Amino acid sequence: MDKAYNPQTVEEAIYKMWESGGYFSPRKARGKPPFSILLPPPNANADLHVGHAMYVVEDIMIRYHRMKGDPTLWMPGADHAGFETQYVYEKHLAKAGKSRFDFDRETLYKDIWAFVQTNRGTMENQLRRLGFSLDWTRNIFTLDPKIVETVYQSFKQLFDEGLVYRDKRLVNYCTKDGTGFSDLEVLYVQRNDPLYYIKYGPFTIATARPETKFRDTALAVNPKDKRYKQYIGQTLEIMGLLGPIKMTVIPDPHVDPKFGTGIMKVTPAHDPHDFELGRQFNLPVTPIIDFRGKMDFSWFLNPIPGIKAAPIPGIEKYRARAEKYHGKKVAVVRPLMVEDLKADGLMVKIDEAYSHRIGTCWKCGTVIEPLPLEQWYIKVAPLAAEAKKAIETKKVTFVPKRFEKTAKQWLTNFHDWNISRQNVWGIRIPAWRCVDCDKRQETGDRKEHWIVTEGNKPEKCPACAGTDLVQDTDTFDTWFSSGQWPFATLRATGDKEKTADNKEQTAAKEKNDYEYFYPTSVMETGYDILPWWVCRMLMLGIHLTGQVPFQTVYLHGLVRDAQGQKMSKSKGNVINPLKMVDQYGADALRMALVFGTGAGNDQALSEDKIRGMRNFANKLWNIARFIEMSEPAGKDSGNPEDSRNQTKNAEIPLYDETMHKELKNSSDKRIISETNMLVSGVTKDIERYRFSDAAQKIYDFAWHTLADVHLEKNKERFKSGDAQAIAVLHHVFLTILRLLHPFMPFVTEEIWGKLPKKTTDPLIISPWPGNTK
RNA sequence: GGAUCCGUAGCUCAGUUGGUAGAGCGUUGCGUUUACAUCGCAAAUGUCAGAGGUUCGAUCCCUCUCGGAUCCACCA
């Protein structure tokens, strides 16, 4: 054995041995409860970051259960990550001076598909580098036909049940990325903007968005506000930048009399709250900002033919203004309007230090425009109620427990979920409109209707038998498909079982993965995607399968830099997990992430800490070297090559029951009993998801009890060839290797292979230790 | 406005049935011809944010205060 442990030289070979040995695949067996985890599928097109390395927690559970002999499945996968991937690809295109609009839909999709395929392998190999014992024979992708099939079916079922509906309302629209989002993708930031006080007929109103004022359709006051009460119901003519407008005063209890002047202008087309008011009071939805984020005055400049507007005095001035504003971006137009308001004497005052929260695109930072658009929505309330009930009845439990409350809060507050995205990269929504019916709808003949299928284009319209059918161009929100991940994946795998290698396996083979492993045991992921993913899997999973998708949710925290700062490229404090693996070995990184980390809490990760764990791996290595040197045969032979010699191994006295009964030496007795305590302690910790405690116990015992104390104290006995002393040491150390294997799989496996023992099995499938009796 | 988390050794953090405080890294001193300098031995430093309360006893439970962070919410 070399003087120091070199992870670089052994890790790859060991992983290959595990993978080709088939040890990652579950051995289904009757009578044994299975243990299963689905890897949260990383984006197919991106490299892993340290956060992904936290999945080590899953590997710990998986390896532990595998060693316990449970039929254990850890399923890998990749996420097409719809919008995000398209975003990355568009950046890629931009570098080449192109945009997505240079391609037709099919070409763009194909190109992104190719782009993703070339990148996908990188991410998967990185998972291997981290030592993750994933069953690659079941590797799956969110766009695999079987997954897509399930997603279609789910959509159709929800549609048939009335839980999916189509509606035109204000969506969170990013005018730069050209798509709408659900509420969760809107990132609110605190910002300072001027608050304009504008003369509005007899009133003054305060607004941060003067540009929407052209399409105000009402004024709202608090019905309890004595100042304005008498105006409620009145219709007033108000002078604006484009001439007079008629507006009715409506009551709205949400208006805060203390804010601004206590009067709120109502723009149903561009404010979610106003939109709701509009529905209540039957106000028209009249947009003035288009989907590119530009001002649209065509309604003023080109009035609908046939409708004659009353002549407006000063129309020329107004026309010139409208032309000036038309087609320009909001940010450009706002100052122009402010000037014109001042010129007309309508600007009362400007409060420059107005701080408010404003919605931005989570990806590109553009201000989100609420714009009226037809989208597919999921009626969340009934699904959320089922999910909440599952939490309350403990069908699903959370570690740490406090996230139960967070989850329930989310489930209470969700609005209906917009699942339409104006992207190409994704699963296209299987819904068609009948063109003929649409025409009839225009004349008010019939309501619009959609034909939803399980993916196939319908042959004809069930209403009018028309064959001119047009598919919705939108794709599903990525989270709609990943929200079905647990059952979609298990239904897609497992029916191609390898040849059974024992009778039990044959018996269990009849059951496919879904029947066998669903519901999964644990869902382990970062707490930051609790609402996006965990809650949605609960809602969709429970509703569509009648069972919770997983029994326990374990949430880990964010990995931050050594000073506890959030890692970001701009700060330059990003730790690249693969670089750490190259430098210190996967075991060191894994241990560093688990050691001293509380579940659900963010952690600070430093290179020093990783180095410290690398030192621990080396310590283990040297304990092994010491044992090897102390073994009788090793003493006689001066040839280091003999250490791998099986004949020699056979001569080593191995610890067994007989020897245990005959133990006399107090030092030996004590270390054995301490080892037994360690075994039960570590086992208990893992069962209770207290991985940090388990890791610390093993670390402390191996280094400070076994190496520092027992080994030093008994050095003379080992050197003099005391067979019992050596056998005890050997036994204790093998036990440590087994306990530590889930945490540091490579170094333990490597050492395991070098030490004599009764079995020839690799450590990965050797049994979890129990107490020595 | 609501919710959550954190404030423990110089730094980063563990500490779940409440019983005289722990780890990693760092620091100091000593040591080392064969397990390991990616080391060993020894050592130092803590009013466990503050104040009350419950208790025989609180870092741990309750209340409040002060500081730091995060998430949510239709203040135009």
Side-chain angles (χ1 to χ4, degrees), chain A residues 1-6 170 183-184 187-188 195-196 205-209 212-213 216 219-220 252 254-267 270-277 354-357 359 370 400-403 405-406 408-410 412-415 527-528 530-531 557-558 560-566 584-585 588 591-592 594-630 688-690 692-693 695-697 699-700 703-704 707-709 711-712 715 718-719:
Chain A
M1 286 173 81
D2 293 337
K3 204 169 173 188
Y5 172 60
N6 278 314
L170 296 194
D183 294 340
L184 292 181
L187 191 69
Y188 288 92
L195 185 65
Y196 304 99
I205 55 110
T207 181
R209 304 205 59 185
T212 61
K213 144 184 170 62
D216 293 349
L219 287 169
D252 176 11
H254 290 280
V255 173
D256 177 3
K258 287 192 238 58
F259 183 90
T261 56
I263 304 179
M264 186 180 84
K265 69 193 202 64
V266 181
T267 322
H270 296 295
D271 181 279
H273 177 69
D274 294 1
F275 185 82
E276 288 308 314
L277 277 180
Y354 172 59
S355 170
H356 64 153
R357 267 160 55 94
K401 206 170 182 302
R402 70 181 130 94
F403 285 111
K405 196 171 176 184
T406 317
K408 281 205 309 206
Q409 221 161 45
W410 274 109
T412 310
N413 295 328
F414 277 135
H415 296 302
Y527 68 76
D528 51 329
L530 176 66
L558 268 54
R560 296 162 175 272
D561 77 0
Q563 279 72 47
Q565 300 293 309
K566 210 167 184 172
Y584 303 108
M591 194 67 169
V594 174
F595 202 88
T597 309
N601 287 348
D602 293 353
Q603 66 164 307
L605 179 68
S606 63
E607 203 168 326
D608 273 344
K609 192 175 178 188
I610 301 171
R611 202 177 291 124
M613 295 305 146
R614 185 270 317 260
N615 293 352
F616 178 53
N618 192 55
K619 188 75 189 176
L620 294 169
W621 182 259
N622 278 293
I623 296 172
R625 285 183 68 205
F626 179 81
I627 291 173
E628 190 185 49
M629 266 181 198
S630 305
R688 292 179 184 173
Y689 307 99
R690 305 189 58 77
S692 171
D693 288 357
Q696 298 216 31
K697 277 193 180 95
Y699 180 102
D700 185 64
W703 202 318
H704 303 303
D708 289 354
V709 179
L711 201 147
E712 292 297 334
K715 222 161 194 171
F718 302 129
K719 282 187 179 172

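The chains referred to below are lettered A, B, ... by the order of the sequence lines, with proteins before strands, and numbering in each begins at 1. Values in this document were obtained by computation on a predicted structure and should not be read as measured data.
A gap of 27 Å separates the P atoms of B/G10 and B/U17, to the nearest Å. Between the C1' atoms of B/A43 and B/A9, the separation comes to 13 Å (whole Å). B/U65 and B/A73 are spaced 26 Å apart, taking the P atom of each and rounding to whole Å. Rounded to whole Å, the C1' atom of B/A35 lies 10 Å from the corresponding atom of B/C39. Separation of the P atoms belonging to B/C75 and B/G7 is 32 Å when rounded to the nearest angstrom. Rounded to whole Å, the separation between the C1' atoms of B/A69 and B/G22 comes to 25 Å. Comparing the same atom, P, in B/U12 and in B/G57 gives a spacing of 35 Å after rounding to whole Å. Distance check on atom C1': B/U8 versus B/A21 gives 8 Å, rounded to whole Å.
A straight line from OH of A/Tyr527 to P of B/C72 spans 11 Å, rounded to a whole angstrom. For A/Asp528 and B/U70, the CG to C1' distance is 11 Å, given to the nearest whole Å. Per the geometry, CG belonging to A/Leu558 stands 16 Å off C1' belonging to B/C13, to the nearest Å. Taking atom CG of A/Asp274 as the reference point, atom P of B/C75 lies 12 Å away to the nearest angstrom. With rounding to whole Å, A/Lys408 atom NZ is found 12 Å from B/U4 atom P. Between the CD atom of A/Gln563 and the P atom of B/G10 there is a distance of 17 Å, rounded to whole Å. Protein atom NZ of A/Lys405 is 10 Å distant from nucleotide atom C1' of B/G2, rounded to whole Å. Protein atom CD of A/Gln565 is 15 Å distant from nucleotide atom C1' of B/C6, rounded to whole Å.
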Original post:
What does nucleotides 39-46 of chain B look like as a protein-contact string, B for base, S for sugar-phosphate only, - for none, at under 4.0 angstrom between heavy atoms?
Top reply: SSS-----
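Minimum interatomic distance between A/Lys619 and A/Asp708 (heavy atoms only, all atoms of both residues): NZ-OD1, 4.4 Å.
The base of B/U38 lies outside donor-acceptor range of the side chain of A/Arg611, with no N or O pair under 3.5 Å.
A 4.5 Å side-chain heavy-atom check between A/Trp703 and A/Leu620 finds every atom pair outside the cut-off. Side-chain contact between A/Leu530 and A/Thr406 is present, with at least one heavy-atom pair separated by less than 4.5 Å. Looking only at side-chain heavy atoms (C-beta outward), A/Met264 and A/His254 stay at 4.5 Å or farther from each other.
Taking the six-membered ring wherever Trp is involved, the centroid distance between the rings of A/Phe626 and A/Phe718 falls below 6.0 Å.
Closest approach to the A/Asn622 side chain among B/G24, B/A35, B/C72 is made by B/A35 (side chain taken as heavy atoms from C-beta onward). Comparing B/U38, B/C72, B/A35 by their nearest atom to the side chain of A/Arg625 picks out B/A35. Nearest to the side-chain atoms of A/Trp410 among the listed nucleotides B/A35, B/A14, B/C72 stands B/C72. Comparing B/C72, B/A14, B/G24 against the side chain of A/Arg357 picks out B/C72 as the nearest. Counting only heavy atoms from C-beta on, A/Arg402 has its side chain closest to B/C5 among B/C5, B/A23, B/A35.
One finds a side-chain N or O of A/Lys715 lying less than 4.0 angstrom from the OP1 or OP2 phosphate oxygen of B/A35. Phosphate contact (OP1/OP2 of B/C74, side-chain N/O of A/His415, threshold under 4.0 Å): present. Not one side-chain nitrogen or oxygen of A/Lys258 sits closer than 4.0 Å to the OP1 or OP2 atom of B/C75.
In terms of the side-chain hydrogen bond (donor to acceptor under 3.5 Å, both in side chains) criterion, A/Lys213 has no residue partners (sequence neighbours excluded).
For the pair A/Tyr188 and A/Pro257, nearest-nucleotide mapping onto RNA chain B gives the more 5' position to A/Tyr188. Across the interface with RNA chain B, nearest-nucleotide mapping of A/Leu184 and A/Lys265 shows A/Leu184 to be the residue nearer the 5′ end.
Across all strands, A/Val255 comes closer than 4.0 Å to base atoms (heavy-atom distances). Across all strands, A/Ala562 comes closer than 4.0 Å only to sugar-phosphate atoms, never to a base (heavy-atom distances).
Under 4.0 Å is where a charged nitrogen must lie from a carboxylate oxygen, and between A/Glu712 and A/Lys715 at least one such pair does.
Looking at residues 599-610 of chain A, you'll see A/Asn601, A/Ala604, A/Asp608 sit with a heavy atom under 4.0 Å from some atom of RNA chain B.
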